[in-house]
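Written below as structure tokens is the structure these notes are about.
Computed from a predicted structure; not experimentally measured. Start at 1 with the first residue, then count along the sequence.
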Amino acid sequence: MRILFYDTQNYDKESFEKTKDKYPGLELEYLKSGLSAKTAPLAKGYDAVCAFVNSDVGSDTVKALQEVRVKLILMRCAGFNNVDLETAKKCGIEVRRVPGYSPEAVAEHAMALALTVNRHMHKAYNKVRENDFSLGGLMGFNFYGKTAGIIGTGKIGAAMARICYGFGMRVIAYDVCENETLKEFVTYVTLEELLSDSDLISLHCPLMDSTYHLINRETIAKMKDGVILVNTSRGGLVKTEDLVEGIRARKFFGVGLDVYEEETPNVFEDRSDEILEHSTTARLLSFQNVMITSHQGFFTDEALTAIANTTLQNAIDFENGTETLNLVKA
Ligand code: NAD
């Protein structure tokens, strides 16, 4: 089977090249350009394409893939909101994905953000480089003995709960569906209780109609003064305008964001030569107690290896006609 990769970064190529020998019979080629209706014809002569979260796999692209007889779209990510599944079904193209790779990768990044804003690592790094060995502005607080509030206790939330418990924190959680395996050390509470009791709040629920702008002026008002908020889930969970208002009102000790509402044009792009106008991201970055990273929670060697293995196994399963839970249906 011949697979053409789109939106390929060097690290994608490295992890797939490292893994491919375990899956004989697969031939992989890589393109840096994104998948779109314009670039889909390049897949002529390939059986499958491999795409990512930022690829355009809308109706026109899928139809263009059908024209060059592509039979399979391999998403090397969990999300598939950028794929027109109805059109894929009509065109007889299968879609397979990687539902989970390394929850610990994202949870460890969430804790890294929490620790960074708590102990001002971003400031300390720069100060010492400037021969400024003073401690002004660097005081944090112990996580030990404090309360961590986890919103969403699926795979990543559960990993974050375990990390917080390891720090000696009291762990409380809110989820619409409670995770029985965590109850030995996690107490489920209402959202209101979680907001008012937590010293650290970490978001791990998916973005849906019911969770859109879950963190807004009202919910921020219910939080403890001096709380740390971390979002590694999806930008739309937090209403940025209200977050900025809360930061200005000195509500937060710190805020760590791996995802934010405006991230789409930024994710994985080097825009250092540009002036970003009308940017709420720039406004967020102007606060010294805010740390933003660019959707890198998943970005560990283990996670990339897991993504490569599952994606190539999905290709083999397609060839063998094996249905697994990774098959995405319209
Ligand atoms: P998961 O499906 O295992 O868990 C999600 C949990 O959220 C479930 O327990 C679910 O019951 C709960 N939930 C649903 N609606 C809720 C609500 N209204 N209130 C509270 N909880 C609710 O998902 P996961 O693998 O743990 O991933 C969590 C999120 O992390 C994903 O949705 C994704 O947006 C994000 N993610 C980020 C990165 C990154 O690189 N930053 C990587 C992977 C995933």
Side-chain angles (χ1 to χ4, degrees), residues 102-130 132-174 182 185-186 194-195 197-205 215 220 223-235 237-238 243-244 246-247 250-260 263 281 284-303:
S102 174
E104 287 76 19
V106 184
E108 287 175 17
H109 191 71
M111 183 46 102
L113 285 170
L115 285 169
T116 299
V117 295
N118 181 354
R119 306 304 294 267
H120 313 282
M121 292 302 186
H122 50 311
K123 282 202 268 176
Y125 175 76
N126 286 323
K127 272 167 75 93
V128 173
R129 283 168 71 92
E130 298 291 332
D132 176 357
F133 305 104
S134 68
L135 297 182
L138 299 185
M139 196 193 292
F141 65 89
N142 286 9
F143 277 155
Y144 179 80
K146 300 293 190 312
T147 300
I150 314 289
I151 301 185
T153 49
K155 293 179 284 297
I156 298 171
M160 183 61 173
R162 283 191 292 270
I163 291 172
C164 292
Y165 186 63
F167 269 70
M169 301 184 84
R170 168 182 168 241
V171 186
I172 59 176
Y174 167 72
L182 297 176
F185 62 94
V186 171
L194 184 141
L195 294 169
D197 287 10
S198 301
D199 302 287
L200 164 64
I201 296 177
S202 196
L203 308 180
H204 299 288
C205 56
I215 303 301
I220 290 171
M223 293 178 192
K224 254 188 195 180
D225 288 342
V227 64
I228 288 178
L229 175 70
V230 171
N231 186 10
T232 55
S233 201
R234 283 293 179 266
L237 295 178
V238 178
L243 178 65
V244 167
I247 295 166
R250 314 287 192 276
K251 186 75 185 177
F252 298 95
F253 189 88
V255 175
L257 305 173
D258 189 45
V259 292
Y260 50 94
E263 74 177 38
T281 316
L284 277 174
L285 284 169
S286 71
F287 300 114
Q288 50 76 31
N289 59 344
V290 175
M291 173 84 184
I292 299 185
T293 52
S294 183
H295 211 131
Q296 68 172 78
F298 73 99
F299 197 48
T300 65
D301 183 33
E302 289 80 358

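Between K224 and D199 a salt bridge is recorded (basic side-chain N to carboxylate O distance below 4.0 Å).
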Are L285 and I292 close enough, and set up right, to give a side chain to side chain contact (heavy atoms under 4.5 Å, CB included), and what steps lead you there? CA-CA 7 Å; L285 284 169; I292 299 185; 3.9 Å; yes
Evaluate the side chain to side chain contact (heavy atoms under 4.5 Å, CB included) criterion for residues Y165 and R170: first the C-alpha distance (whole Å), next the side-chain angles of each, then the deciding distance (0.1 Å), finally the verdict. CA-CA 7 Å; Y165 186 63; R170 168 182 168 241; over 6 Å; no
Test side chain to side chain contact (heavy atoms under 4.5 Å, CB included) on R162 and F185; report intermediate values, then the result. CA-CA 8 Å; R162 283 191 292 270; F185 62 94; 3.6 Å; yes
Verdict with supporting geometry, H204 and S202, side-chain hydrogen bond (donor to acceptor under 3.5 Å, both in side chains): CA-CA 7 Å; H204 299 288; S202 196; 2.7 Å; yes
Start with the C-alpha gap between V255 and L257, add the side-chain angles, then the distance that decides, and say whether side chain to side chain contact (heavy atoms under 4.5 Å, CB included) holds. CA-CA 7 Å; V255 175; L257 305 173; 3.7 Å; yes
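The side-chain heavy atoms of L200 and V227, taken from C-beta on, include no pair separated by under 4.5 Å. With contacts defined as side-chain heavy-atom distances shorter than 4.5 Å, the pair Y260/V290 does not qualify. Side-chain contact between M223 and F252 is present, with at least one heavy-atom pair separated by less than 4.5 Å. A heavy-atom distance below 4.5 Å is found between the side chains of M111 and F167. Taking 4.5 Å as the limit, every side-chain heavy atom of T232 sits out of range of all side-chain heavy atoms of L203. Taking the side chain as every heavy atom from C-beta outward, T147 and V171 never approach each other to under 4.5 Å.
In this structure, CD1 on I228 lies 9.5 Å from CG on N289, to the nearest 0.5 angstrom. In this structure, OG on S294 lies 11.0 Å from CZ on F299, to the nearest 0.5 angstrom. Atom CG of L194 is separated from atom CD1 of I172 by 4.5 Å, given to the nearest 0.5 angstrom.
Closest approach of L237 and C205 over heavy atoms only: CD1-O, 3.5 Å. Listed here is the closest heavy atom pair of D258 and L113: N-CD1, 3.8 Å. Taking all atoms of both residues into account, the shortest heavy-atom contact from S198 to A148 is OG-C, 4.2 Å. The shortest non-hydrogen separation linking L138 to A124 is CD2-N, 4.0 Å. Closest approach of M291 and V117 over heavy atoms only: CB-CG1, 3.6 Å. In terms of heavy-atom proximity, C164 sits nearest to I150 at SG-CD1, 4.3 Å.
Aromatic ring centres of F253 and F141 lie closer together than 6.0 Å.
For the side-chain contact (heavy atoms from CB on, under 4.5 Å) test with I163, the passing option among E104, M169, E108 is E108; the others fail.
In this structure a side-chain-to-backbone donor-acceptor pair under 3.5 Å is present from H122 to Q288. A donor-acceptor pair is defined here as one N or O able to donate and one able to accept, closer than 3.5 Å; such a pair exists between the side chain of N231 and the backbone of R234. Looking only at distances, no side-chain donor or acceptor of T293 sits under 3.5 Å from a matching main-chain atom of Q296.
Residue Y144 qualifies as open at atom OH: its count of foreign heavy atoms under 6.0 Å is 12 or below.
Residues passing the side chain to side chain donor-acceptor pair (under 3.5 Å) test with S134, sequence neighbours excluded: K127, D132.
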